[in-house]
Amino acid sequence: MINYFFENTDPIEISEKISPWLNDLITSENKKLGEITFIFADDEYVLKVNQDYLKHDFYTDVITFDYVKGKIISGDIFVSLHRISDNAKMLDKDFEKEFLRVLAHGILHLCGYKDKSEEEISLMREKEDHYINLF
């Protein structure tokens, strides 16, 4: 099950195609959907989560908390809608495409992908692009 919540931000419409697309991503990675919760929020809310739980003092577009057990993918994914909007403008992309990238990014973390090294970042971007193109 995939759940969507909004904290400290106006709700946006989540396309009915999003959950099946994310489930297909998970299945394509040879995993099974457990329970995933997306918490969409403003910059300050996500910054506070970053500070309190990860001891990072910077804004970010996505934070993923992994509750994966074996092949069953579960987790909480905090998403800053403000960061997505700002990043989309900065990268000259539309909001929807950047929104999909961030959702895929969070799910890919739950599937075991990292993004610390250049090689990991490259693979993560390749996977994000692949799944965005399937949307």
Side-chain angles (χ1 to χ4, degrees):
M1 172 182 282
I2 300 176
N3 302 297
Y4 305 97
F5 295 98
F6 295 87
E7 293 289 339
N8 292 5
T9 191
D10 293 330
I12 62 169
E13 185 176 335
I14 305 294
S15 167
E16 62 188 35
K17 297 188 300 187
I18 296 279
S19 290
W21 171 71
L22 292 171
N23 194 40
D24 288 347
L25 184 163
I26 292 165
T27 303
S28 295
E29 293 293 328
N30 298 311
K31 308 290 184 185
K32 293 180 182 172
L33 176 61
E35 186 156 344
I36 295 172
T37 301
F38 282 95
I39 302 95
F40 300 105
D42 66 2
D43 266 346
E44 298 308 316
Y45 188 94
V46 176
L47 174 63
K48 183 94 169 98
V49 170
N50 211 8
Q51 291 168 331
D52 290 351
Y53 295 96
L54 301 177
K55 307 301 180 214
H56 297 160
D57 192 21
F58 54 83
Y59 293 103
T60 186
D61 51 6
V62 62
I63 298 171
T64 304
F65 291 96
D66 181 334
Y67 311 130
V68 174
K69 291 188 178 167
K71 289 190 171 247
I72 302 191
I73 303 302
S74 297
D76 292 332
I77 302 173
F78 290 83
V79 175
S80 170
L81 295 176
H82 294 133
R83 275 306 94 220
I84 291 173
S85 181
D86 287 352
N87 290 345
K89 289 174 190 166
M90 184 179 67
L91 299 169
D92 198 28
K93 307 257 183 190
D94 66 31
F95 179 86
E96 181 183 42
K97 190 165 190 172
E98 191 62 18
F99 182 76
L100 293 175
R101 180 174 306 284
V102 169
L103 298 187
H105 187 93
I107 296 292
L108 288 166
H109 272 308
L110 295 177
C111 290
Y113 292 94
K114 309 284 184 225
D115 59 0
K116 298 297 180 203
S117 71
E118 289 299 318
E119 186 176 295
E120 290 171 339
I121 291 168
S122 179
L123 178 58
M124 179 71 86
R125 293 292 171 261
E126 183 180 309
K127 289 284 188 177
E128 290 168 0
D129 289 341
H130 170 75
Y131 289 113
I132 289 168
N133 288 333
L134 294 176
F135 185 76

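Scope of the values below: all heavy atoms of this structure, side chains included, with no hydrogens, waters or symmetry mates. As the structure is a computational prediction, the values presented were derived from the model and not from experiment.
- No single ILVMFWY cluster, assembled from side-chain heavy atoms under 4.5 Å apart, contains both V49 and L47.
- In the hydrophobic clustering of this structure, F95 groups with F135; members are Ile, Leu, Val, Met, Phe, Trp, Tyr whose side-chain heavy atoms approach within less than 4.5 Å, directly or through other members.
- Counting heavy atoms from C-beta outward, F38 and I107 have side chains that approach closer than 4.5 Å.
- Note on E98 versus K93: no salt bridge recorded, every NZ/NE/NH1/NH2 to OD/OE distance being 4.0 Å or above.
- Of the options L100, V79, D115, T64, a side chain to side chain contact (heavy atoms under 4.5 Å, CB included) to H105 is made by D115 and by none of the others.
- Under the 30°/60° scheme for interplanar angles, the aromatic rings of Y4 and F40 are found to lie parallel.
- Of the possible polar contacts, none joining the S122 side chain to the E118 backbone as a donor-acceptor pair under 3.5 Å is found.
- The cluster map of Ile, Leu, Val, Met, Phe, Trp and Tyr, joined by side-chain heavy atoms under 4.5 Å apart, puts I2 and L134 in the same cluster.
- Using a 4.5 Å heavy-atom threshold, the side chains of I36 and I26 count as touching.
- F65 and L108 are not part of a single hydrophobic cluster, where members link through side-chain heavy atoms under 4.5 Å apart.
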- Task: Take I18 and F99 through the side-chain contact (heavy atoms from CB on, under 4.5 Å) test and state the conclusion after the steps.
- Result: CA-CA 11 Å; I18 296 279; F99 182 76; 4.2 Å; yes

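- Between Y131 and D24 the shortest side-chain heavy-atom distance does not fall below 4.5 Å.
- Under a 3.5 Å cut-off, the side chain of N50 and the backbone N or O of V46 do not form any donor-acceptor pair.
- Linking ILVMFWY side-chain heavy atoms closer than 4.5 Å, directly or via other members, places L103 and M124 in a single hydrophobic cluster.
- Side-chain atoms of F5 and D76, non-hydrogen and from C-beta on, never get closer than 4.5 Å to each other.
- R83 pairs with exactly one of D61, D43, D42 by the salt bridge (Lys or Arg N to Asp or Glu O under 4.0 Å) rule, that one being D43.
- Counting heavy atoms from C-beta on, the side chains of L110 and I77 come closer than 4.5 Å.
- Taking each heavy atom of G34 and S74 in turn, the nearest pair found is CA-OG, 3.5 Å.
- Across all non-hydrogen atoms, the minimal contact from I63 to T60 is CG1-CG2, 3.6 Å.
- Within the 4.5 Å cutoff, no side-chain heavy atoms of E128 are placed close to those of V102.
- Pairing each heavy atom of A104 with each of W21, the nearest pair is CB-CH2, 3.9 Å.
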